[in-house]
There are 2 protein chains.
Amino acid sequence: MSVGIRHDDLRRRNRAMVLSAVRRAGQPSRTEIAATTGLSHSTISAISSDLIQEGILAEGKPSETTSLKRGRPQVGLTLNPEAAAVVTVVLSLNFLSVAVIDYAGQVIAEEQRRLDTLTMPRDELIGECTAIVRRRLEDPDLDLGSVARIAMGIQGITDSHARAMLWSPITPLTDIPFADILEAEFGIPATMENDCNMMAVALQWRDPDRYRDNFIAILLSHGIGMGLVLKGELFTGTHSSGGEFGHMIHRPGGALCRCGRRGCVEAYAGNYAIWRSAMKMSEDAEPVDVGDADMRALAAKAREKDGPERDAYRRAGEALGFSLGNLFALIDPAPVAMVGVSAAAFDLIEPALREAIAQTAGGQHSKSISFDTEPNELPLIREGCAIRALTFVDQEIFAPGVQARAGSGKNVA
Amino acid sequence: MSVGIRHDDLRRRNRAMVLSAVRRAGQPSRTEIAATTGLSHSTISAISSDLIQEGILAEGKPSETTSLKRGRPQVGLTLNPEAAAVVTVVLSLNFLSVAVIDYAGQVIAEEQRRLDTLTMPRDELIGECTAIVRRRLEDPDLDLGSVARIAMGIQGITDSHARAMLWSPITPLTDIPFADILEAEFGIPATMENDCNMMAVALQWRDPDRYRDNFIAILLSHGIGMGLVLKGELFTGTHSSGGEFGHMIHRPGGALCRCGRRGCVEAYAGNYAIWRSAMKMSEDAEPVDVGDADMRALAAKAREKDGPERDAYRRAGEALGFSLGNLFALIDPAPVAMVGVSAAAFDLIEPALREAIAQTAGGQHSKSISFDTEPNELPLIREGCAIRALTFVDQEIFAPGVQARAGSGKNVA
DNA sequence: GGCTTTTTTTCGAGCCTCGAAAAAATAGTG
DNA sequence: CACTATTTTTTCGAGGCTCGAAAAAAAGCC
C-alpha cells in the first residue's frame with residue numbers, strides 16, 4: 001500500500017522540482033521555471049527566495065542576459081557551485097579515476113591511476129580506492145564539509161540497492177561492498193553503480209531529445225554490457241543491476257563464454273570472441289584479453305578485405321542483432337547507443353546486425369531503428385556518476401523530508 | 001520535465017488512496033485506513049465523510065464486526081455497490097464473454113457466446129461485440145448512467161494506449177480500435193488490453209503476497225503470451241502491449257512459427273508446435289489448430305510412456321527455459337504463473353525447463369524459481385479487466401483532478 | 001519624462017493536513 | 001445499573017502551502 005501524501009511533502013517536492021529545472025535549463029528565469037513546472041509565479045518566487053537565502057541557488061549576472069525585449073529583464077537563476085560537491089569514482093580494467101565536482105557540475109579536481117586490477121588482492125584494491133579518494137578530499141582548496149555524495153561506477157554486476165559490486169570481469173574478487181566501505185571511511189553517503197547504467201544516465205543528460213523515455217546503451221568492449229532506460233527511468237533488475245544483455249543466450253549450447261556458459265551474446269560479440277573467431281580459433285578456446293590497439297588493427301584489416309576478420313564482425317553483428325531483436329520483442333524498439341572500442345567498428349557490425357534483427361519479432365520496423373556510436377566510455381561513465389550524485393543532493397539533501405532542513409552544506413545523516 | 005504538485009492534487013490523491021485502501025481491505029475501519037495510508041485520523045475522517053456523503057462509500061453493518069475488545073467499536077467502510085458499474089468484455093478464440101460488475105466488484109450480469117472469430121468479417125466481429133454489450137446495458141435492472149467504464153481484453157497485441165487491437169491470433173483482421181468503437185457506441189470510456197496483461201493484474205489482486213512487485217504470467221495455449229509486472233506495475237512496451245515473449249528467438253533459423261518467422265519460442269512451445277513435434281511432423285509444417293481435448297489426450301499419452309509425445313513436451317520446456325533464462329538475465333528471476341491448457345501439462349514441461357534455465361545467466365539460482373499453474377485463463381482475464389476498470393473509476397472518476405467533482409454516478413467526459 | 005511591457009514580489013483567500021481535545025460508543029466492574 | 005476504562009471517531013483551531021490579483025520593479029519606446 002503506497003503511503004498518503006503529507007502536507008510537508010508538497011513543499012519538498014516542489015523545491016526538488018525547482019532545483020531540477022535549474023539544473024536542466026542552466027540559467028532559467030523564475031518565469032521560465034513557472035512555465036516548465038506548471039506552478040504559479042508566486043510559488044516559484046517563494047521557493048527560489050528560500051533557496052537563494054540558503055545559498056543553494058544564486059542569481060545570475062544580468063549582464064549576460066542581453067535582453068532585446070522591453071519590460072523588466074529576466075534574472076537567471078543558477079546553481080551555487082559552492083553549495084555542495086560530489087566525488088565520482090570510476091573503476092575499470094586496470095584503471096581507476098576520481099573526480100571532484102562542484103554543485104553546478106564543474107570538475108574541480110581529478111586524479112587517475114593505472115593498476116593491475118586482475119591480480120590485485122582484495123585489501124589492496126579497496127585500499128587503492130579509498131586512498132585515491134582520500135587524496136582528493138585532503139585538497140586544501142576543498143571544503144570537506146560540503147562533499148555530500150560519492151558515486152562509484154564499476155564494470156560488472158552490482159546489487160540493486162547500489163551498495164556493492166557482486167561480480168566483475170575486471171577482478172576475480174566478488175561481493176565487495178564498496179558503497180559501505182566508502183561511507184564508513186569518509187562518513188559521506190556513497191553508491192556503487194554499474195558502468196553501463198551510468199552511461200545511460202549520461203546519455204539521457206547529454207541528449208534528452210534522442211535519449212528521453214526509452215533507449216539502450218550497449219558497451220561493446222571486452223565484455224558486452226547494457227544500460228536500459230524505460231519510461232524515462234533507469235531500469236535495474238530486482239536484485240542486481242540487471243540488464244545482463246551480454247549473457248542472454250544467442251545459441252543454446254554454442255560458443256564458450258567468459259562466464260563459463262555456452263552460447264551467450266558475449267561469446268560472439270565480445271572483443272575476445274571477435275578475436276577468437278578472426279584467428280580461426282575454436283569456439284571452445286579460452287577467452288583471452290585483447291588490447292584496444294589490437295582490436296583497432298583487426299577492424300582495419302576487416303575493412304581492407306573480405307576474410308576471417310570481416311566474418312568475425314559479421315558473426316558478432318548477427319549475435320547482437322538476434323539478441324537486440326529479442327529485447328525489442330519485450331520492450332519495443334528504441335534508440336541504441338553503441339559505446340566502447342568495438343563501437344568504432346560498428347560499420348563492420350551493422351549490416352549483419354540489421355539482417356538478424358529483421359528476422360525477429362522485435363525487428364518489424366528494423367529500418368527505423370537508429371544507432372549512435374561513441375568509442376570512449378570513460379567520460380560517459382564519469383558524467384553519469386556525477387549526474388546521479390548531484391541529483392541525489394538536489395532531492396535528498398536540499399529538498400529533504402521531515403528531517404531538519406540542511407543548513408549551509410551540512411549533510412543529513 | 002515532470003510537473004509540480006498543485007495544492008488540489010493533495011486531496012485528489014488522498015481520496016484515491018482511501019478508495020484503494022477500502023477496495024483492498026474489504027471493510028476497513030477509519031483507524032485501519034489511517035494506519036495503512038499514514039495519514040492522520042482527522043484527514044481520514046474528513047475524506048471518508050465526504051465519500052459517504054457522495055454515495056461512494058458506505059458504513060458497514062456493525063452487527064458483523066463482533067468486537068470482543070471494549071471501547072467504541074470500529075465501523076467498517078465498504079464500497080457502495082451502486083456507486084458505479086463497469087463492463088468487462090473478453091474476446092478469445094471463438095469465444096466472447098461479457099460481464100457487468102458493480103462498484104464493489106460483484107458480477108451482477110453476464111453473457112457468453114460462441115462465434116467463429118477466425119473467419120468472421122470485420123463488421124460482423126465488431127457488431128457481435130457491440131451487440132452483446134448493448135444487450136447487457138439494456139437490462140432494466142441496470143442503471144445505465146452508473147456504468148463508468150468498459151474494459152475489453154483480447155488475445156493478441158494491443159497498442160500501449162489501450163485503444164486498439166493491432167494484431168491477434170484469433171482473427172486475420174488487424175488494427176481494430178475496439179476502445180474507440182465502444183466509446184463511440186455507448187458514450188462510456190473504454191479500454192482494450194492484452195489478455196496476458198490482465199491475467200497479471202488479476203494474479204496481483206488475488207495473491208498479493210506471491211505476486212507483488214515482480215512476477216510473470218505466461219499463457220501456454222495455442223500461442224505463448226506473457227504479462228509482466230515490474231516494480232509493482234504492469235510493464236508494457238513503448239508502442240504495443242509489449243512482452244512478445246512467445247516470439248523471442250529461441251533458435252535462429254529454427255522451427256517455423258505461426259508468425260512466419262523461424263525459431264520463436266512459440267514454434268517449440270505453442271500447442272501447435274507440441275502437436276507437430278509429437279506427430280513427428282516437419283518443423284516446417286504449417287501450424288494447425290489443436291483442440292484443448294486433443295492437447296489433454298496428448299499430455300496423457302506423454303505421461304504414460306516415453307516417446308515422441310514426451311519428447312515434444314521436453315522440447316517445449318527447453319525453449320521456455322532458455323527464453324525465461326534470457327528474460328531473467330534482464331530482469332532477475334521472479335515468480336512465474338503458468339496459465340492455460342498446457343499449464344495442466346506443466347509436469348511434463350518442468351524438468352527440461354529447469355535444465356535449460358540452469359544453463360543461462362538468469363538461471364543462477366534456478367532452484368529457487370517457483371512456478372504456479374492455473375489451467376483456466378478466462379476467469380483470470382475477466383477479473384483483471386474488472387480490477388483495471390474499477391481502479392480507473394476509483395482514481396479518475398471518484399478522485400478527479402481539476403474538473404468538477406463527479407456527482408451521483410455521472411461520468412466525467 | 002511619461003507610457004508600455006514584462007518580470008518579480010507582496011498579500012489576502014482558500015484549502016489541506018495535523019495534533020489535541022472532545023464526543024461517542026462500548027465492555028468491564030462492583 | 002451507574003461508573004470507569006478504553007477505543008474509535010469527530011471537531012476545532014493552528015500552521016502551511018499554493019493561488020490569483022494587485023502592486024512593485026525594471027527595463028525599452030516615443
Indicate, with a heavy-atom threshold strictly under 4.0 Å, whether Thr31(A) touches base, sugar-phosphate, or nothing. sugar-phosphate
Measuring to OP1 and OP2 of dT17(C), would you say a side-chain N or O of Ser40(B) lies under 4.0 angstrom away? no
Taking the minimum atom-to-atom distance to the side chain of Gln74(B), which one of dT8(D), dC19(D), dT8(C) wins? dT8(D)
Could you state the atom-to-atom distance from CZ of Arg11(A) to P of dC19(D) in whole Å? 10 Å
Closest to the Arg70(B) side chain, choosing from dT26(C), dT9(D), dC16(C): dT26(C)
Whole angstrom is fine here: how far is it from CD1 in Ile5(A) over to P in dC18(C)? 11 Å
Round to the nearest Å and state the distance from Ile47(A) atom CD1 to dT9(C) atom P. 13 Å
Out of dA25(C), dT9(D), dG20(D), whichever nucleotide has its closest atom nearest the side chain of Ser29(B): dT9(D)
Gap between atoms CE and C1', on Met17(B) and dC16(C) respectively (whole Å): 15 Å
Take atom CG of Asp50(A) and atom C1' of dC17(D), then tell me their distance rounded to the nearest Å. 12 Å
Any luck finding a side-chain donor-acceptor pair between Ser40(B) and Thr43(B) under 3.5 Å? yes
Within the modelled atom types, does a donor on one side and an acceptor on the other bring the side chain of His7(B) and the base of dC17(D) under 3.5 Å apart? yes
Rounded to the Å, how far apart are Asp8(B) CG and dT17(C) P? 11 Å
May I ask you to say whether Arg163(B) pairs ionically with Glu193(B), meaning some side-chain N is under 4.0 Å from a carboxylate O? no
Tell me whether the rings of His7(A) and His7(B) are parallel (<30°), tilted (30 to 60°) or perpendicular (>60°). tilted
Taking 4.0 angstrom as the limit, do Arg212(B) and Asp209(B) come out as a salt bridge? yes
Nearest-Å distance, CZ (Arg12(A)) to P (dC16(C))? 21 Å
Whether Arg30(A) contacts dT9(C) is assessed here as follows: a side-chain N or O lying under 4.0 Å from the phosphate OP1 or OP2. Is that the case? yes
Using the closest heavy atom to pick a nucleotide of DNA chain C for each, name whichever of Arg72(A) or Ala46(A) lands nearer the 5' end. Arg72(A)
Nearest heavy-atom neighbours spanning Lys231(B) and Phe235(A): NZ-CA, 4.4 Å
